[in-house]
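Reviewing the structure listed below.
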Amino acid sequence: LQVLANTLSIMRENIESRENDLVYQSQHDNLTGLYNRLAAKQQLSLLLSKMHGSLVMIDIKNFRHLNNIIGFANADDLLVLFASRLESLSPTAQLISRLDGDSFLLLFQPSIPLEKLDNYLRQLTNPFSIQGSKISVNVRVGIVDLSSDYDCNDIDTLIRHAEIALNQARVESLGIATYQQGEDERYLRELMIIRDLPIALAQGQLHLVFQPKVNIQSNHCHGAETLIRWQHPELGFIPPDEFIRLAENSGNISMISDWVLNTTIKQLAQWQLQGISLTVAINLSAHDLTNPQLPLDIEQLLISNHLPINALSIEVTEGAVMKDAQTVIAVLQQFRNIGLAIAIDDFGTGHSSLAYLKLLPVNEVKIDRSFIKDIHTDATDLMIVDSSIRLIKGLNLSVVAEGVESVEGINILRGLNCDIIQGYVYSKPLKADDFIVWFQQFNQSNIQTLSKDTPH
Ligand code: C2E
Ligand code: CA
Ligand code: CA
């Protein structure tokens with residue numbers, strides 16, 4: 001009996017210890033021994049109703065890159081050292097956990113003052129010694145301030161708020177960012193836009209509008225800029241700047257550019273059948289301009305639709321050129337070689353406008369609306385526009401003024417020798433059919449005025 005009792009007791013202890021091991025393993029990260037994501041969420045759930053202080057999410061900047069440079073084994077060692085430094089530096093933290101990869105979550109109650117956190121991060125990022133080498137790391141930090149006006153009652157949302165703050169720190173290259181009320185709505189909206197864009201393109205939720213470009217010296221309209229519009233079934237009208245920026249950041253911009261290009265060509269082919277010829281400008285993004293195949297594809301598309309090369313032109317911002325100037329200039333040169341006209345968009349909003357302009361193979365410069373809109377009341381804007389026009393014309397390029405809203409503006413710009421105006425004063429961007437009505441009427445009435453003015 002004694003033997004049996006001993007055996008049973010040993011078995012019980014073994015089971016208990018195995019259970020403890022399993023519980024430990026399920027709650028701790030194998031590598032660093034810190035709490036894992038699951039345990040962090042459990043701990044936070046227990047505290048949720050009376051949580052205060054600050055939730056701090058930390059990630060190591062460019063960790064993936066570091067991984068590639070020093071190798072996985074060394075990167076693991078680095079994470080272990082980093083984790084133990086986190087523990088030794090934050091004796092007051094209620095929770096220290098590793099969510100995944102290089103992302104750590106800490107809870108400080110009461111909250112940690114910003115200068116203390118600064119100091120803490122400085123010590124945390126002192127170089128680590130790995131295999132005899134000193135390895136430096138930088139961190140980014142997202143904070144949720146759990147003060148009384150912060151309201152959140154589920155853990156997933158809470159963690160997402162910390163991630164949003166961290167992301168803010170990342171995109172604005174700040175070291176530290178704090179979650180602001182309302183950012184969640186924006187984040188969810190942005191996710192929805194990114195998610196829905198491919199479906200929207202496939203389902204025909206997007207359409208193009210055309211805004212006339214009028215030559216103010218000859219009073220004739222030769223073409224238009226095409227602009228994209230999206231009416232989302234739930235979100236309603238989404239401004240193009242918003243979803244274009246998101247598509248650029250999420251790597252989806254070529255999907256839009258392809259759609260715009262194909263839709264514009266189809267429209268041009270249809271107009272050509274009706275005997276209408278004009279030049280339509282499309283907007284291309286930085287990413288499009290690193291594709292050396294694009295100029296040839298566009299040329300092919302024009303040829304196969306029996307359109308002349310000058311049926312299309314392109315607009316690019318200076319910022320897009322600067323992202324990878326060498327590659328982009330080579331692609332622009334190819335566009336130029338096949339005979340497509342190129343305009344620099346939003347001129348004046350970049351940094352090195354003047355120096356670069358002479359290097360770029362462009363035909364036209366569009367002065368940004370911000371300089372044009374108050375030209376009739378603001379003497380400084382007038383002077384800037386005047387000298388910009390002189391400079392651009394000095395380089396033998398044609399000048400477009402964007403965003404002219406008044407007749408006064410037309411007269412001033414004509415006096416300054418500006419070539420083309422695009423603005424509400426002539427027309428807002430219009431759907432294809434409305435645009436053609438406007439286009440034919442405008443050019444017709446100008447021919448009439450011209451013939452009236454011509455002496456017999
Ligand atoms: P952008 O290329 O500078 O286009 C000109 C913008 O100025 C258009 O805004 C146009 O509606 C607006 N505009 C023109 N005249 C006036 C005026 O007299 N007054 C005022 N207040 N505004 C005027 P929109 O259509 O909202 O487009 C905004 C930006 O979104 C565009 O700026 C362009 O950067 C981007 N975008 C639009 N469509 C496309 C597209 O198909 N592809 C790409 N990559 N970007 C596009
Ligand atoms: Ca444009
Ligand atoms: Ca512009």
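Whatever order the structure lists them in is the order used to number ligands and atoms, beginning at 1.
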Got an N, O or S from [X] under 3.0 Å of the Ca ion (ligand 2)?
{"X": "Asn283", "result": "yes"}
{"X": "Asp345", "result": "yes"}
{"X": "Glu225", "result": "yes"}

Going by the atom numbers of ligand 1, which of them fall below 4.0 Å from some non-hydrogen atom of [X]?
{"X": "Glu405", "answer": "17 (C), 18 (O), 19 (N), 20 (C), 21 (N)"}
{"X": "Gly423", "answer": "15 (N), 18 (O)"}
{"X": "Glu402", "answer": "3 (O), 5 (C)"}

- Query: Any idea which part of Asp345 is under 4.0 Å from ligand 1, heavy-atom wise: side chain, backbone, both or neither?
  - Reply: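 The answer is the side chain of Asp345.
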- At under 4.0 Å between heavy atoms, which part of Gln211 makes contact with ligand 1: side chain, backbone, both or neither? side chain
- Message: Closer than 4.0 angstrom, basic N to acidic O: yes or no for Asp378 and Lys373?
- Response: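 Salt bridge: no.
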- Do the charged groups of Asp386 and Arg390 touch, with an N to O distance under 4.0 Å?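 Between Arg390 and Asp386 there is a salt bridge, with a charged N closer than 4.0 Å to a carboxylate O.
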- Would you confirm whether any non-hydrogen atom of the protein falls under 4.0 Å from atom 12 (C) of ligand 1?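 For atom 12 (C) of ligand 1 the answer is no, since every protein heavy atom stays at 4.0 Å or beyond.
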- Per-atom contact, atom 9 (O) of ligand 1, protein heavy atoms, under 4.0 angstrom: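 Within 4.0 Å of atom 9 (O) of ligand 1, no protein heavy atoms are found.
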- Message: Please verify the inter-ring angle class for His161 with Tyr179; under 30° counts as parallel, over 60° as perpendicular, anything in between as tilted.
- Response: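 His161 vs Tyr179 ring planes: parallel.
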- With under 30° as parallel and over 60° as perpendicular, where do the rings of Phe435 and Trp271 fit, or are they tilted in between? tilted
- Item | Atom name of the N, O or S atom in Glu315 that lies nearest to the Ca ion (ligand 2) |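 Restricting Glu315 to its N, O and S atoms, the minimum distance to the Ca ion (ligand 2) goes to OE1.
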Do [Y] and [X] have ring centroids that are under 6.0 Å from one another?
{"X": "Phe237", "Y": "Trp230", "value": "no"}
{"X": "Phe439", "Y": "Phe210", "value": "no"}
{"X": "Phe347", "Y": "Phe371", "value": "no"}

- Task: Just go through Leu227, Thr349, Thr226 and tell me whose heavy atom is the nearest to atom 37 (C) of ligand 1.
- Result: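 That would be Leu227.
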- Query: If you measure every N/O of Ile228 against every N/O of ligand 1, is any gap under 3.5 Å?
  - Reply: yes
- Message: I need the nearest protein heavy-atom contact for atom 21 (N) of ligand 1: residue, atom name and distance, please.
- Response: Arg369 NH1, 2.9 Å
- Residue among Glu225, Arg369, Glu402 satisfying side-chain hydrogen bond (donor to acceptor under 3.5 Å, both in side chains) with Gln422: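 Checked Glu225, Arg369, Glu402 against Gln422; only one passes side-chain hydrogen bond (donor to acceptor under 3.5 Å, both in side chains): Glu225.
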- Does Asp346 bring an N, O or S atom to within less than 3.0 Å of the Ca ion (ligand 3)? yes
